[in-house]
Amino acid sequence: MGSLFRSEEMALCQLFLQSEAAYACVSELGELGLVQFRDLNPDVNAFQRKFVNEVRRCDEMERKLRYLEKEIKKDGIPMLDTGESPEAPQPREMIDLEATFEKLENELREVNQNAEALKRNFLELTELKHILRKTQVFFDESVPTVYKSSSAYSSSKYRRYPQMADNQNEDEQAQLLGEEGVRASQPGQNLKLGFVAGVILRERLPAFERMLWRACRGNVFLRQAMIETPLEDPTNGDQVHKSVFIIFFQGDQLKTRVKKICEGFRATLYPCPEAPADRREMAMGVMTRIEDLNTVLGQTQDHRHRVLVAAAKNLKNWFVKVRKIKAIYHTLNLFNLDVTQKCLIAECWVPLLDIETIQLALRRGTERSGSSVPPILNRMQTFENPPTYNRTNKFTKAFQALIDAYGVASYREMNPAPYTIITFPFLFAVMFGDLGHGAIMALFGLWMIRKEKGLAAQKTDNEIWNIFFGGRYIIFLMGVFSMYTGLIYNDIFSKSLNIFGSHWHLSYNKSTVMENKFLQLSPKGDYEGAPYPFGMDPIWQVAGANKIIFHNAYKMKISIIFGVIHMIFGVVMSWHNHTYFRNRISLLYEFIPQLVFLLLLFFYMVLLMFIKWIKFAATNNKPYSEACAPSILITFIDMVLFNTPKPPPEKCETYMFMGQHFIQVLFVLVAVGCIPVMLLAKPLLIMQARKQANVQPIAGATSDAEAGGVSNGGSHGGGGGHEEEEELSEIFIHQSIHTIEYVLGSVSHTASYLRLWALSLAHAQLAEVLWTMVLSIGLKQEGPVGGIVLTCVFAFWAILTVGILVLMEGLSAFLHTLRLHWVEFQSKFYKGQGYAFQPFSFDAIIENGAAAAEE
């Protein structure tokens with residue numbers, strides 16, 4: 001089979017590169033993305049490798065670029081992204097890049113430092129301007145007024161310092177200034193008070209007041225006023241709210257104490273002249289300096305903006321170049337040096353079909369470097385398990401991701417992804433079958449497909465949107481298949497389409513039908529005899545209670561039919577694995593008993609369903625009328641338990657066909673006989689093979705496929721020949737678990753497919769509930785008001801339909817379909833014990849680097 005159905009054949013190659021050409025050759029291989037290098041220096045510390053200095057230089061350049069990016073984003077400057085990927089620069093170009101980045105960083109840091117110093121100076125002048133303005137009223141008073149207590153003093157602790165009335169000024173001054181101060185305040189005497197003025201953060205002001213009052217024992221006088229406009233912090237650019245304060249005191253001791261308190265609360269103190277003329281002169285000087293600073297700040301910001309705009313044009317390309325250089329040197333650190341120090345030796349996994357492409361890339365790299373010695377690529381023999389590499393495109397990538405989420409396929413194992421492309425949306429549609437809901441989903445997927453180039457270029461970090469966009473082809477196919485099953489169910493938003501006309505007709509008059517809700521149509525007289533051309537007859541939409549009964553029986557049976565066919569297909573897939581790996585023991589003693597067991601029991605039950613549908617009908621006479629039709633479930637239970645069937649109704653037959661009893665007994669006995677074959681045959685043959693070889697253990701058998709001494713090797717590769725052999729006891733235990741899991745799983749997995757029936761009925765009932773309890777209310781309204789009501793009701797119904805029936809029910813059906821594939825289908829043949837092929841690819845490295853930077 002081709003690579004679509006199996007992973008690519010891989011080869012372990014040894015690569016010899018001349019030291020001068022190694023960089024250019026690895027660069028070409030990175031652009032190609034088809035080579036996975038192995039580390040030939042696993043015991044060497046990362047800091048002791050040959051190219052560690054170059055990697056450090058790249059780290060330093062990347063740090064500088066991240067600093068530039070942060071500053072560009074801070075200013076909101078758009079970065080030019082052409083979507084192109086420049087080639088990796090030559091090693092000599094690293095010096096130019098380092099010089100460019102060093103110059104930009106130094107220039108930007110110098111500009112930022114100057115701007116910060118200017119902003120700090122501007123802040124100080126602005127605070128001084130507000131101090132000169134706010135404190136003017138304080139100096140207009142020759143004597144301090146009463147102390148204005150803040151809200152913090154309304155508590156009981158400070159109630160002995162209430163705000164004084166005018167007739168209590170004398171007592172307040174006595175308390176604040178003491179007896180000498182009061183005498184000095186008498187007419188003809190001059191009282192000298194000291195003061196300090198400054199600004200403080202507004203949220204620290206209440207605590208600042210309390211500390212002043214307690215530390216100075218009420219012997220200070222504080223006035224404060226808020227600065228209305230927020231000020232910019234020059235350190236981080238945040239907007240802060242501050243207040244101006246002025247503190248009057250008497251004596252040097254209080255002055256020292258007040259300054260210490262201001263320092264503790266990080267309040268900024270400014271000189272403030274007492275003379276009005278000096279204050280006016282200082283205010284004019286401050287305003288002049290502020291205007292000059294504004295001009296200088298504007299010029300600084302313009303220069304900074306020009307530097308960042310110039311850097312933003314090339315930043316994306318610089319990032320790509322630096323990451324490519326760093327990736328190349330990281331890869332070169334995986335290589336070995338030969339004894340002459342002139343040749344680098346590498347080992348790598350490559351797809352067998354791409355060896356010629358890789359050799360062409362190596363030649364291009366050699367020509368670019370100007371080397372005269374061509375590179376050498378030798379294929380090596382190995383017993384190691386190669387990595388698994390499945391080629392994908394934008395259509396198959398999402399389906400392959402569903403399979404890999406369960407486990408990466410073992411090397412050259414059958415790949416379920418191509419079959420999942422059909423079975424996954426189909427089983428989803430069986431549960432989600434509705435023409436309307438499927439059309440919504442299909443249109444959404446089609447829109448993403450049509451706009452995929454533009455949507456992919458946006459590169460959003462919204463994880464939910466990325467999941468939807470990555471699975472756009474899955475969503476589209478699920479919608480299309482749901483539209484098909486919706487036509488089969490004849491279900492569109494819980495209503496039916498009468499395209500071809502019902503093949504049932506009424507034998508009652510209109511009044512009888514309208515008055516009697518329990519009328520039934522007889523297949524003998526009311527059915528035309530020919531089925532509806534496509535899907536369900538629309539008459540079942542108005543069948544009331546019989547609709548659910550009929551749909552129950554129909555959907556339950558098709559769920560079992562699809563489930564059994566799906567499981568048989570999974571077992572047949574294991575035949576392809578056994579024949580490809582030439583595993584005769586597993587083919588004869590695992591595949592054949594498993595297939596026989598499944599066919600004789602569960603596929604036979606499916607055949608009984610078709611026999612019942614074909615032989616029994618309401619229009620037939622006994623013994624093949626509808627009254628004589630047996631229950632398939634009861635028949636299957638009686639068959640497995642060897643029970644005697646209950647006597648049938650009069651003129652009916654016990655069995656559906658001649659010899660049914662004998663065939664059923666034979667099928668059960670053969671199926672039960674397959675169990676010991678699955679359980680014991682393979683371990684006993686392995687034990688016999690070991691005795692004959694007189695070797696214990698036999699090298700090269702760690703999996704089921706190799707346990708009998710049968711090699712996976714040859715042209716197919718995938719040995720694992722240096723791994724240890726399982727002990728016989730472990731083989732017996734493993735085979736026992738595998739057999740029990742298969743036998744019991746066949747029953748539980750068949751029942752598990754009934755989720756197709758359950759979710760389909762639940763989806764249909766939810767749609768009907770929304771129509772009956774929401775939309776039908778609006779449709780019953782009449783007149784102009786009815787139109788408004790219908791519009792509102794329809795909007796509400798549409799939101800519920802999309803939110804619940806399409807999104808939530810769609811997610812539920814998706815998860816159930818995923819489980820059916822992972823557990824019921826893939827467990828029959830898929831081991832998923834491999835490891836993914838991770839080639840050295842610039843595209844993947846740049847994408848991962850960009851995602852890490854955004855996080």
Side-chain angles (χ1 to χ4, degrees), residues 552-553 556-572 574 588-617 620 622-684 732 735-755 757 824 827-828:
N552 256 333
M556 185 186 296
K557 288 183 175 64
I558 65 169
S559 297
I560 296 297
I561 292 169
F562 291 148
V564 172
I565 293 174
H566 201 212
M567 289 191 295
I568 291 174
F569 180 58
V571 175
V572 171
S574 69
L588 294 176
Y589 302 107
E590 276 190 358
F591 165 71
I592 292 177
Q594 286 176 356
L595 186 63
V596 170
F597 182 84
L598 204 59
L599 289 175
L600 295 187
L601 293 182
F602 298 99
F603 187 70
Y604 173 72
M605 180 175 63
V606 171
L607 290 179
L608 290 181
M609 295 179 190
F610 283 98
I611 293 171
K612 179 179 178 180
W613 283 341
I614 293 170
K615 295 190 69 172
F616 297 90
N620 295 345
K622 290 185 177 182
Y624 299 113
S625 66
E626 80 284 358
C628 296
S631 168
I632 301 298
L633 180 61
I634 299 300
T635 301
F636 184 73
I637 293 174
D638 290 340
M639 167 187 167
V640 174
L641 299 179
F642 298 105
N643 289 341
T644 303
K646 293 182 180 179
E650 187 179 355
K651 296 183 180 181
C652 294
E653 295 181 355
T654 305
Y655 297 103
M656 288 188 280
F657 56 89
M658 290 293 294
Q660 180 180 351
H661 178 68
F662 172 75
I663 290 175
Q664 289 181 171
V665 172
L666 178 64
F667 281 3
V668 172
L669 291 176
V670 174
V672 172
C674 290
I675 296 176
V677 175
M678 289 186 283
L679 181 65
L680 299 173
K682 185 176 175 179
L684 290 176
F732 273 99
Q735 193 66 23
S736 302
I737 294 173
H738 185 70
T739 303
I740 295 170
E741 180 186 10
Y742 180 82
V743 173
L744 297 181
S746 298
V747 180
S748 64
H749 291 176
T750 304
S752 180
Y753 279 93
L754 289 174
R755 68 185 70 235
W757 154 63
E824 279 71 26
S827 63
K828 302 294 185 294

For the atom pair NE2 (His661) and OG1 (Thr654), what is the distance rounded to the nearest 0.5 Å? 11.0 Å

Check whether more than 12 heavy atoms from other residues, nucleotides or ligands sit under 6.0 Å from atom CZ of Phe657, and answer yes or no. yes

Indicate the atoms forming the closest heavy-atom contact of Cys628 with Pro623, along with that distance. CB-O, 3.2 Å

Throw together a table of side-chain donor-acceptor distances under 3.5 angstrom for residues 591-614, partners on residues two or more places apart or in other chains.
from: Gln594; atom 1: NE2; to: His738; atom 2: NE2; distance (Å): 3.4
from: Tyr604; atom 1: OH; to: Gln664; atom 2: OE1; distance (Å): 2.9
from: Lys612; atom 1: NZ; to: Pro630; atom 2: O; distance (Å): 3.0

CD1 on Ile737 to CD on Glu741, rounded to 0.5 Å: 8.5 Å

Could you tell me whether the side chain of Glu590 reaches within less than 4.5 Å of the side chain of Gln735, counting heavy atoms only? yes

Using a cut-off of 6.0 Å, state whether more than 12 heavy atoms not belonging to Lys622 lie near its atom NZ. yes

Report all side-chain donor-acceptor pairs from residues 745-753 shorter than 3.5 Å, counting only partners two or more places apart or in another chain.
from: Ser746; atom 1: OG; to: Tyr742; atom 2: O; distance (Å): 2.7
from: Ser748; atom 1: OG; to: Leu744; atom 2: O; distance (Å): 3.3
from: Ser748; atom 1: OG; to: Gly745; atom 2: O; distance (Å): 3.3
from: His749; atom 1: ND1; to: Gly745; atom 2: O; distance (Å): 3.3
from: His749; atom 1: ND1; to: Lys828; atom 2: NZ; distance (Å): 2.9
from: Thr750; atom 1: OG1; to: Ser746; atom 2: O; distance (Å): 2.6
from: Ser752; atom 1: OG; to: Arg755; atom 2: NE; distance (Å): 3.2
from: Ser752; atom 1: OG; to: Arg755; atom 2: NH2; distance (Å): 2.8
from: Ser752; atom 1: OG; to: Glu824; atom 2: OE2; distance (Å): 2.9
from: Tyr753; atom 1: OH; to: His566; atom 2: ND1; distance (Å): 2.7

N/O donor-acceptor pair under 3.5 Å between Asn643 side chain and Ile637 backbone: no

Measure across Ala627 and Pro649 and return the closest heavy-atom pair with its distance rounded to 0.1 Å. O-CG, 4.1 Å

Tell me which donor-acceptor pairs under 3.5 Å the side chains of residues 665-679 have, and how far apart each pair is, sequence neighbours excluded?
none

With side-chain contact (heavy atoms from CB on, under 4.5 Å) as the test, would you mind laying out the steps for Lys646 and Ile634 before giving the verdict? CA-CA 10 Å; Lys646 293 182 180 179; Ile634 299 300; over 6 Å; no

